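Some notes on the structure that comes next.
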There are 2 protein chains.
Amino acid sequence: MNVQLEDICGKRETVLNSTLALIRQYGFHGTPMSMIAKHAGVAAGTIYHYFESKDALINALYEHESSRLAASLLVGDDEGLHYKERFFRCMLNHYHFYIGNPDTLYFLEQYSNSPYAKTQVENHEKRFEHIIRFFDYGIQQKYFKNIDAKLLMPIIKGTLVAAANFHLRQHMVFSDDDIRAVISMIWDGIKKQEKD
Amino acid sequence: MNVQLEDICGKRETVLNSTLALIRQYGFHGTPMSMIAKHAGVAAGTIYHYFESKDALINALYEHESSRLAASLLVGDDEGLHYKERFFRCMLNHYHFYIGNPDTLYFLEQYSNSPYAKTQVENHEKRFEHIIRFFDYGIQQKYFKNIDAKLLMPIIKGTLVAAANFHLRQHMVFSDDDIRAVISMIWDGIKKQEKD
DNA sequence: ATCTTCTAATTGAACGTTCATTCGGTTACA
DNA sequence: TGTAACCGAATGAACGTTCAATTAGAAGAT
């Protein structure tokens, strides 16, 4: 039971958190509403006070977690710095978000590859607008090869997710230098080869 | 119904194919056995003649499809060519496999991010042994930066999957040059910067 | 060729379980 | 005293799986 959480946040947040933790362990179909209720220390009926259905709950969870991710990306960004520095900072933020929130990583990956995701395309673009702009700027200023930002983003994300999964699943200590090496792979891949 | 398929292959293959197509459209939990049976033109009980359970069916499907993928990667490989050429060929094979088999792409991605996958780690490595060796060779010969091949593979795969998804979901004609540009991103990212 | 026999393949209705959802009643609190 | 939050047993639909019965086909005998 998540009693400590319930005291701080509302029941709605508690339910979301329990859902997140359970889905990582048991997957979408493996976690019935009754299990979520029990884990959250709440009656099954109560969940329906906050969410219309299980689908609605999962969609709300996606909104919640992907917003948290989006918010973390440009933390500490400083427009005064070199663009390459800013890019590395952004990638480190992204990576550390996954490592610090493995439940979220697994959930988001499961969600994006499920039929749920098809209902959420427009919202998604709104949530990551500032990042799209950040990349577009890099393309305009010719730091990057001339690739559609909409393609660049999933490619970068794919690489970071792969690295984070590797880190988490192998229970391996991945030094900050290792992470920088991975980010360098991304940077070297997408930068205009003459610039740096 | 998949009548034409059933005539050629056995019922086992027909069931696997129906499962693959339906899972793409409806997801794991959205496709009941009864639906698979109907789509395959087979009675529900018959499926249990070939597979112990739904889980077993899905695991068998994973084995089936990931073997197909593994087999496609080194098609037309020629050890006489430059390593860079061989690498590009391998990446193109990989990419074209996804584009030619979108059902498989979606299924594999869903599977890898589900709790099913955790039961399949060792088999997985056996199936992709030849590719691991191919990458290890590239690292030994110092074509690549010195990164664990086990990390290199998911990173590369992540990039290609992201590109293929982009291609498929946007219903966009992606020229061969576009694909080569993406593969160049990978190559430029992982190659030793002095070599080429 | 024809019949017999045996096994494997196939069927689909029936079963039992699981699970999302409902709802009548209770509590908290403003 | 009224409203929103909360409870949890009850409901009913959906689904994976079973099984007794039927068919197909192969092997062997006549």
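Note that this is a predicted model, so its numbers are computed, not measured. Keep in mind that the numbers below use all heavy atoms, side chains included, and drop hydrogens, waters and symmetry copies. Below, chains carry the letters A, B, ... as their sequence lines are ordered, and counting in each starts from 1.
Of the listed nucleotides (D/dA5, D/dT17, C/dA20), D/dA5 has the atom at the smallest distance from the side chain of A/Y50. Here D/dC7 is the nucleotide among C/dA9, C/dT21, D/dC7 with the atom lying nearest to any side-chain atom of A/T46. In this structure, of C/dT11, D/dT17, C/dA20, it is C/dA20 that holds the atom nearest to the side chain of A/P32. Comparing atom distances between the A/V42 side chain and each of C/dT11, D/dC7, C/dT21 picks out D/dC7 as nearest.
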Q: Quick one: do B/F174 and B/I99 satisfy side chain to side chain contact (heavy atoms under 4.5 Å, CB included)? Show the steps, please.
A: CA-CA 10 Å; B/F174 229 44; B/I99 299 304; over 6 Å; no
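What separates CG of A/D55 from P of C/dT21 is a distance of 7 Å, to the nearest Å. Between the NE2 atom of B/H29 and the C1' atom of C/dA20 there is a distance of 13 Å, rounded to whole Å. Nucleotide C/dA20 holds its P atom 9 Å from the CD1 atom of A/I58, rounded to whole Å. We find that CE of B/M33 is positioned 10 Å from P of D/dT18, with the value rounded to whole Å. When rounded to the nearest whole Å, the span between CZ of B/R12 and P of C/dT10 equals 13 Å.
In terms of phosphate contacts, B/K11 brings a side-chain nitrogen or oxygen within less than 4.0 Å of OP1 or OP2 of C/dT10. A close approach under 4.0 Å does not occur between any side-chain nitrogen or oxygen of A/Y48 and OP1 or OP2 of D/dA5.
Atom CG of B/D78 is surrounded by more than 12 heavy atoms from other residues, nucleotides or ligands within 6.0 Å.
In this structure, A/F134 has its ring center under 6.0 Å from that of A/Y83. Annotation: B/F28 is in aromatic contact with B/Y116 [ring centroid separation under 6.0 Å].
Annotation: of the two residues near DNA chain D, A/H49 and A/G45, the 5′-most nearest-nucleotide partner is A/H49. Projected onto DNA chain C by closest heavy-atom contact, B/I47 and A/S34 fall at different nucleotides, the more 5' of which corresponds to B/I47.
Residues A/K126 and A/E129 are not paired through a salt bridge, judged by the lack of any N-O separation under 4.0 Å between the basic side chain and the carboxylate.
Among the heavy atoms of the strands, none lies under 4.0 Å from A/F51.
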